[in-house]
Amino acid sequence: MSASAQTSVAAVRRFSGRSKRVLPGFGLSLGISLFFVSLVLLLPLTGLVVETSGMTWDQFVFTITDPRVIESYKVTAWTALAASLFNGAFGLLLAWVLVRYEFPGKRLIDAVVDLPFALPTAVAGITLATLFAQNGWYGQWLDKLGVEVAFTPIGIVVAMAFTSIPFVVRTVQPVLEELSPADEEAAVSLGASDGRVFRKVIFPSLWPALITGVALSFTRSLGEFGAIIFIAGNTPYVSEVTSLMIFIRLQEYDYAAASAIASMVLLASLILLFAINLWQSRYLRRLEGR
């Protein structure tokens, strides 16, 4: 083999070896990613464990099972569930409208969906409290119907729904965009009604993404604080959420108790996220096996 041919073969081998790499400079990229994860996630978690480790087991159990704290668990859980179910229905409808219809202001509405991600939660809480107060734009009409939103548990649901609805919309929207209209057209040509087409053709492809979005919305709502604190009323045993109990313990300089309560919220969030990822991986493997 000539020298030029050998050079060409070596160049091809080097190129093929490089093409198998996921990223150029993979080692450096991986190192930076692990450092970022350690700095942002592991370091705060380590601080939480260190603070909690200063308590005895009896002190830990006493702190997390205090009647006021347990009631905050209940309020947080049912309001987060209510907000997530609302987001599941309204988020699906909003994603459907944004994907299937063209109308003036569509891009503006699509951009507004991400507003809760960009808006400080404290600003969102103050705005919602102002709007739903008895003399607010929405509250004055609801008050005539005998419905109080601000400074009640309903206000917690509103705040949670506002801050977590993008998770549902942005999870369902790409799936809707990827659906082929051919199956729908075939079903319509066979005489299926619009409702039946949605139930039998569209929804079976949407429900995994919808469940994932609702679960992420629920997980996000569990730890919400800024948007809730201004609209909830914060009445003990009525409208106190777990994040507020953590804040109260911090104000009392009881960092160990605050860490203990926070560890319960963290544990619930991690279990939910792990369950979501496990379910998604099994569902994808089931699809690949078909």
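This chain uses plain numbering: 1 for the first residue, then up along the sequence.
- A heavy-atom distance below 4.5 Å is not found between the side chains of V168 and Q173.
- In this structure, D143 contributes its side chain and G139 its backbone to no donor-acceptor pair below 3.5 Å.
- L272 and L216 end up in different hydrophobic clusters when Ile, Leu, Val, Met, Phe, Trp and Tyr side chains are linked at under 4.5 Å.
- Remark: R170 pairs with D110, D114 by the salt bridge (charged side-chain N to carboxylate O under 4.0 Å, His left out) rule, at least two apart or across chains.
- The 12-atom threshold is exceeded at CZ of R100, counting heavy atoms of other residues, nucleotides or ligands nearer than 6.0 Å.
- Nearest heavy atoms, T171 versus A209: CG2-O, 3.2 Å.
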L94 vs V113, side-chain contact (heavy atoms from CB on, under 4.5 Å): CA-CA, chis, key distance, verdict: CA-CA 9 Å; L94 182 56; V113 171; 3.7 Å; yes
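- Other residues, nucleotides and ligands contribute more than 12 heavy atoms inside 6.0 Å of the CZ atom of F103.
- No donor-acceptor distance shorter than 3.5 angstrom exists from the side chain of E71 to the backbone of R68, with no hydrogens or angles considered.
- Between the CD atom in Q134 and the CH2 atom in W141 there is a gap of 15.0 Å [rounded to 0.5 Å].
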Checking side-chain hydrogen bond (donor to acceptor under 3.5 Å, both in side chains) for the pair N234/S239: CA distance, chi angles, key distance, verdict? CA-CA 5 Å; N234 308 320; S239 58; 5.5 Å; no
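- Using a 4.5 Å cut-off on side-chain heavy atoms (C-beta onward), E240 and V75 make no contact.
- When every heavy atom of S221 is checked against every heavy atom of A80, the shortest pair comes out as CB-CB, 3.7 Å.
- Side-chain atoms of V172 and L206, non-hydrogen and from C-beta on, do get closer than 4.5 Å to each other.
- Here the shortest heavy-atom pairing between S259 and T52 reads CB-OG1, 3.4 Å.
- Residues R220 and M160 fail the side-chain proximity criterion, which asks for heavy atoms closer than 4.5 Å.
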Apply side-chain contact (heavy atoms from CB on, under 4.5 Å) to W96 and Y101, showing your working. CA-CA 8 Å; W96 180 273; Y101 297 98; 3.7 Å; yes
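- Ion pairing between a basic and an acidic side chain is recognised when a charged N comes within 4.0 Å of a carboxylate O; R249 and E252 show such pairing.
- Here E177 contributes atom CD and L98 contributes atom CG; the two are 9.0 Å apart, rounded to the nearest 0.5 Å.
- Within the structure, the ring-ring contact (aromatic ring centres under 6.0 Å, His included) test picks out the following pairs touching residues 42-69 (sequence neighbours left out): W57-F60.
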Working note: F230 + V123, criterion side-chain contact (heavy atoms from CB on, under 4.5 Å); need CA distance, chi angles, decisive distance, verdict. CA-CA 9 Å; F230 295 101; V123 176; over 6 Å; no
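- To the nearest 0.5 Å, atoms CG (L128) and CD1 (I231) are separated by 5.0 Å.
- Both I202 and I211 belong to a single network of hydrophobic side chains, linked directly or stepwise wherever heavy atoms of I, L, V, M, F, W or Y lie under 4.5 Å apart.
- By the 4.5 Å heavy-atom criterion applied to side chains, T65 and I70 are counted as neighbours.
- Between F167 and F117, the ring centre distance stays below 6.0 Å.
- For the atom pair I165 CD1 and L115 CG, the distance stands at 12.0 Å (nearest 0.5 Å).
- No side-chain heavy atom of L222 sits under 4.5 Å from any side-chain heavy atom of T242.
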Could you walk me through whether N87 and S164 pass the side-chain contact (heavy atoms from CB on, under 4.5 Å) check? CA-CA 8 Å; N87 284 344; S164 60; 2.9 Å; yes
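- A continuous path of Ile, Leu, Val, Met, Phe, Trp and Tyr side chains, each step under 4.5 Å between heavy atoms, connects V97 with V175, placing both in one hydrophobic cluster.
- The backbone N or O of V238 sits nowhere less than 3.5 Å from a side-chain atom of T235 that would complete a donor-acceptor pair.
- In this structure, the separation between CZ on F203 and CG on L210 is 5.5 Å, given to the nearest 0.5 Å.
- Within the 4.5 Å cutoff, the side chain of Y138 has no heavy atoms near those of the V149 side chain.
- Residues I64 and Y73 have side chains in contact (heavy-atom distance under 4.5 Å, counting atoms from C-beta outward).
- A pairwise comparison of heavy atoms in A227 and T163 identifies CB-CG2, 3.7 Å as the closest pair.
- Taking each heavy atom of T79 and P153 in turn, the nearest pair found is CG2-O, 4.0 Å.
- Of all the heavy atoms in A83 and V157, the pair that sits closest is CB-O, 3.6 Å.
- Side-chain heavy atoms closer than 4.5 Å link hydrophobic residues (I, L, V, M, F, W, Y) into clusters, and following such links, possibly through other members, connects I229 to I261.
- One finds the CE atom of M55 at 9.0 Å from the OG atom of S263 (value rounded to the nearest 0.5 Å).
- Although no hydrogens or angles enter the test, the distance criterion places a donor-acceptor pair under 3.5 Å between the side chain of T152 and the main chain of E148.
- Put simply, L81 and I276 are part of two different groups of oily side chains (I, L, V, M, F, W, Y) that touch within less than 4.5 Å, one to the next.
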